[in-house]
Amino acid sequence: MSLRMEQTNATFQRGFVLLAFSSFGELQLLLFALFLSLYLVTLTSNVFIIIVISLDSHLHTPMYLFLSFLAFSETCYTLGIIPRMLSGLVRGGQGISYVGCAVQMFFSASWACSNCFLLAAMGFDRYVAICAPLHYANRMNLTLCAQIVGTSFLSGYLFGLGMTLVIFHLPFCSSHEIQHFFCDTPPVLSLACGDTGLSELGILILSLLVLLLSFCLISTSYTYILAAILRISSTEGRKKAFSTCASHLTVVIVHYGCASFMYLRPKASYSLERDQLIAVTYTVVTPLLNPIIYSLRNRAVQTALRNAFQGGLLGKG
């Protein structure tokens, strides 16, 4: 117990060092320019989506309400990770305190879990719109939507807190170098000393609850959606119905594929290069795909963006 306390105190005082992409050498500056460009496009796109949806009354529907909160969640998620990653690419290493690492893990896990529940809510919205269109306005009312969004964020915070506590109750060994660009659960867990079996089991259970619960809701929604689409007699009608779900399905596949690979596996299978590549996908690429796939290819959002720009230009004139 004494040794464990000494290890914990030493780690608390010393903190950690994030060694993101340390093996890339001179390519780090190229990666910095690439990730900075992607991040600025992602941040700008998501902020535009939030502003346009909030200002355009035609977009004040459940689907776009969920979309705006997904954009907000993605913005917060990337703000907590990418700026520090960019700093690490320039400096070659980025120090972070023990408390700072725990806080970053809590918020990144919380926003990631919230995204899962918001994607499930969007699947349910599509189910009601396609399977019960005549009752859509009554069932998907503002009160229910607000409750769904609130529950999604609250659940995300609770799961994020649980994951953080499971990791940071452990003692850490003498090594304080995290071979990753943020305090994610797998790389931080790899620094823990002693038997981490219970903690690994705890992370697995929490991850399963988040991923399977939300994915089962999505799968159930799309089972009914597929059955409803197959009952449509016209080919054009089927295409139109399916097109309303294609964007959501694309984001779901990328998001759940990366999350399942990262969190539903044992500690022994962790790999530095592979895990960083997967982490880049869901921290840099996926938040960029959301506004492109979901909104910027959506005619209603395109029209709202065009009106906003034209209104701004006319206002200045």
Is there a side chain to side chain contact (heavy atoms under 4.5 Å, CB included) between F117 and L213 once you walk through the steps? CA-CA 9 Å; F117 295 126; L213 177 61; 4.2 Å; yes
Start with the C-alpha distance between Y39 and V284, add both sets of side-chain angles, then the distance that settles side chain to side chain contact (heavy atoms under 4.5 Å, CB included), and finish with yes or no. CA-CA 7 Å; Y39 176 58; V284 179; over 6 Å; no
Audit row: F168, Y98, ring-ring contact (aromatic ring centres under 6.0 Å, His included) steps and yes/no: CA-CA 9 Å; F168 280 88; Y98 180 90; 5.3 Å; yes
For L34 and L30, run side chain to side chain contact (heavy atoms under 4.5 Å, CB included): C-alpha distance rounded to whole Å, both residues' side-chain angles, the deciding distance at 0.1 Å, then the answer. CA-CA 6 Å; L34 174 62; L30 180 61; 5.7 Å; no
Going through the distances and angles, do C193 and L170 end up as a side chain to side chain contact (heavy atoms under 4.5 Å, CB included)? CA-CA 7 Å; C193 294; L170 295 168; over 6 Å; no
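A donor-acceptor pair under 3.5 Å is formed between the side chain of S97 and the backbone N or O of G100. With hydrogens and angles disregarded, a donor-acceptor distance shorter than 3.5 Å links the side chain of S68 to the backbone of L65. A donor-acceptor contact shorter than 3.5 Å is absent between the side chain of Y224 and the backbone of I130. Not one N or O on the side chain of H176 forms a donor-acceptor pair closer than 3.5 Å with the backbone of V17. When atom types are taken as modelled, the side chain of H135 and the backbone of A132 share no donor-acceptor pair closer than 3.5 angstrom.
Between F182 and I82, the closest side-chain pair of non-hydrogen atoms is not below 4.5 Å. No side-chain heavy atom of R126 sits under 4.5 Å from any side-chain heavy atom of C131. Side-chain contact between C101 and I178 is present, with heavy atoms from C-beta onward closer than 4.5 Å. Between F16 and E177, every side-chain heavy-atom pair lies at or beyond the 4.5 Å cut-off. Within the 4.5 Å cutoff, side-chain heavy atoms of M140 are placed close to those of F124. When side chains are defined from C-beta on, F35 counts as touching V280, because their heavy atoms get closer than 4.5 Å. The shortest distance between side-chain heavy atoms of H169 and S199 falls below 4.5 Å.
Under a cut-off of 6.0 angstrom, the local environment of CZ in F159 is crowded, with over 12 non-hydrogen atoms contributed by other residues, nucleotides or ligands. When the shell of 6.0 Å around CZ of F72 is examined, it contains 12 or fewer heavy atoms from other residues, nucleotides or ligands. Around the OH atom of Y157, the shell of radius 6.0 Å holds more than 12 heavy atoms that belong to other residues, nucleotides or ligands. At most 12 non-hydrogen atoms from other residues, nucleotides or ligands lie less than 6.0 angstrom from CG of L198. Remark: H58 NE2 is loosely packed, at most 12 non-hydrogen atoms of other residues, nucleotides or ligands lying under 6.0 Å away.
The CE atom of M85 sits 8.5 Å away from atom CG of L31, with the distance rounded to the nearest 0.5 Å. H60 NE2 to S54 OG: the interatomic distance, rounded to the nearest 0.5 Å, is 6.5 Å. Separating the CG atom in L43 from the CG atom in L36 is a distance of 10.5 Å, to the nearest 0.5 Å. Annotation: the span from L209 atom CG to C113 atom SG amounts to 10.0 Å, rounded to 0.5 Å. To the nearest 0.5 Å, atoms CG (D56) and CD1 (I53) are separated by 9.5 Å. How far CE of M122 is from CD1 of I218: 10.0 Å, rounded to the nearest 0.5 Å.
Closest non-hydrogen pair, P291 versus I49, comes out as CB-CD1, 3.3 Å. A pairwise comparison of heavy atoms in R84 and G95 identifies NH1-O, 3.1 Å as the closest pair. Heavy-atom minimum distance, V252 versus F215: CG1-CE1, 4.4 Å. Taking all atoms of both residues into account, the shortest heavy-atom contact from G88 to Q28 is O-OE1, 4.1 Å. Considering every non-hydrogen atom in both L119 and L70, the closest pair reads CD2-CD2, 4.2 Å. Smallest separation of non-hydrogen atoms from F181 and L18: O-CD1, 4.0 Å.
L204 and L158 are not part of a single hydrophobic cluster, where members link through side-chain heavy atoms under 4.5 Å apart. F66 and L217 fall into different hydrophobic clusters, where Ile, Leu, Val, Met, Phe, Trp and Tyr are joined by side-chain heavy atoms under 4.5 Å apart, directly or via other members. Note on M63 and L55: same hydrophobic cluster, where clusters join Ile, Leu, Val, Met, Phe, Trp and Tyr whose side-chain heavy atoms are under 4.5 Å apart, directly or indirectly. L226 and V128 fall into different hydrophobic clusters, defined by Ile, Leu, Val, Met, Phe, Trp and Tyr side-chain heavy atoms under 4.5 Å apart, directly or through other members.
No donor-acceptor contact under 3.5 angstrom links the side chains of S108 and Q104, judged on distance only.
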List the atom pairs, with distances to 0.1 Å, where a side-chain N or O of residues 144-154 and a protein N or O form a donor-acceptor pair under 3.5 Å, not counting sequence neighbours.
| from | atom 1 | to | atom 2 | distance (Å) |
| --- | --- | --- | --- | --- |
| T151 | OG1 | Q147 | O | 2.7 |
| S152 | OG | I148 | O | 2.8 |

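Residues that satisfy the side chain to side chain donor-acceptor pair (under 3.5 Å) test with S214, not counting sequence neighbours, are Y256. Partners of N46 by side chain to side chain donor-acceptor pair (under 3.5 Å), not counting sequence neighbours: none found.
Remark: of the listed residues N141, D125, T61, D125 is the sole one forming a side-chain hydrogen bond (donor to acceptor under 3.5 Å, both in side chains) with Y136. The side-chain contact (heavy atoms from CB on, under 4.5 Å) with P187 is formed by just one residue from the set L189, D184, T185, L191; it is D184.
A centroid separation of 6.0 Å or more is found between the aromatic rings of F107 and Y77.
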